[in-house]
There are 2 protein chains.
Amino acid sequence: MEEQQARTWLATAVEEARTGLAEGGIPIGAALYGADGALLGRGHNRRVQDDDPSMHAETAAFRAAGRQRTYRGTTMVTTLSPCWYCSGLVRQFGISHVVIGEARTFRGGHDWLARHGVRIVLLDDPECVEMMRDFIGRNPALWHEDIGA
Amino acid sequence: MEEQQARTWLATAVEEARTGLAEGGIPIGAALYGADGALLGRGHNRRVQDDDPSMHAETAAFRAAGRQRTYRGTTMVTTLSPCWYCSGLVRQFGISHVVIGEARTFRGGHDWLARHGVRIVLLDDPECVEMMRDFIGRNPALWHEDIGA
């Protein structure tokens, strides 16, 4: 995957994160792209909005994509390094690539995924870092709840 | 945790699995119990019923429990060894114990969880084995879809 492609796709996840923030939620967004580059699903963290701890950005995008026969060749794009829950999702379903906006404010399981054959593209995007840093600074308890800390 | 306690709790997960089967779904059930022994949430796989690939039994029980400040001391009870997705959930949120009905028809990430400090109780329950064996025999494609195989 070219970096330009990854950055274009990241924009979709960032849009989702901004939508979540505007709703009063945790600003993490994600999107699942097919092997052919088609957008299969997109979503954002819904802990606050739906009182739902199971809807992280990645699981929301996975859910929105509906039932798929295979995830071979698909790419999960997320504004933040995937936590163990979302890393486990990627590994179990054989999602091939993960594009990550940033891993400075939180470092999840992406090295583990790389060891298990998932191609990781870490973009270190300044807007993603800024959005999370600002959010965590203002809402530490909510953030800790979201990652079980 | 005593084995008798684990078996009593497993009965809740088995009830969920039977409900899922009666609905035409994949017969895997789960329940989340609090440190004080209170039932926090219960659920079953909903891939078929809701066209929702994100609702495995464990994630459904976790969701039903709603937002919790901590998962310390909680027990996830499931009829089947948790896949990587559900194992990641347990690890990320710090669920302390996992009671497993059986790991003969599918072996997920429970050894990995044990290495990371989660207490595992594997019951090898004949009814759980029989329910999955029968289901997989009759619906191999659906089962493979559910585990991304």
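Proteins get letters first, then strands, A, B, ... in listed order; numbering begins at 1 in each.
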Under 4.5 Å between side-chain heavy atoms, counting indirect links through other Ile/Leu/Val/Met/Phe/Trp/Tyr residues: same cluster for [X] and [Y] or not?
{"X": "A/F106", "Y": "A/V118", "value": "no"}
{"X": "A/M76", "Y": "A/L80", "value": "no"}
{"X": "B/L122", "Y": "B/V99", "value": "no"}
{"X": "A/V77", "Y": "A/I120", "value": "no"}
{"X": "A/I100", "Y": "A/V90", "value": "yes"}

Where do [X] and [Y] come nearest, in terms of heavy atoms and distance?
{"X": "B/V48", "Y": "A/R67", "value": "CA-NH1, 3.9 Å"}
{"X": "A/W84", "Y": "B/Q92", "value": "N-OE1, 2.7 Å"}
{"X": "B/P53", "Y": "A/G66", "value": "CG-O, 3.5 Å"}
{"X": "A/E145", "Y": "B/Q68", "value": "CG-O, 3.8 Å"}

Contact part of [X] toward chain A, heavy-atom cut-off under 4.5 Å: side chain, backbone, both or neither?
{"X": "B/R47", "result": "both"}
{"X": "B/Y71", "result": "side chain"}
{"X": "B/D146", "result": "backbone"}
{"X": "B/H56", "result": "side chain"}

Gap separating the OG1 atom of B/T59 from the CE atom of A/M55, nearest 0.5 angstrom:
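B/T59 atom OG1 to A/M55 atom CE measures 7.0 Å (nearest 0.5 Å).
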Inter-residue atom distance A/S54.OG - B/E58.CD, 0.5 Å rounding:
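Going from the OG atom of A/S54 to the CD atom of B/E58 covers 12.5 Å.
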Just give me the residue among A/G148, A/A64, A/A65, A/G88 that pairs up with chain B most often, heavy atom to heavy atom, under 4.5 Å.
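Between A/G148, A/A64, A/A65, A/G88, the count favours A/G88.
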I'd like to check A/I147 versus B/F93 (side-chain heavy atoms, cut-off strictly below 4.5 Å). Are they in contact?
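A side-chain contact under 4.5 Å is absent here.
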Taking atom CZ of A/R138 as the centre, does the number of heavy atoms from other residues, nucleotides or ligands within less than 6.0 Å exceed 12?
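Result for CZ/A/R138: enclosed.
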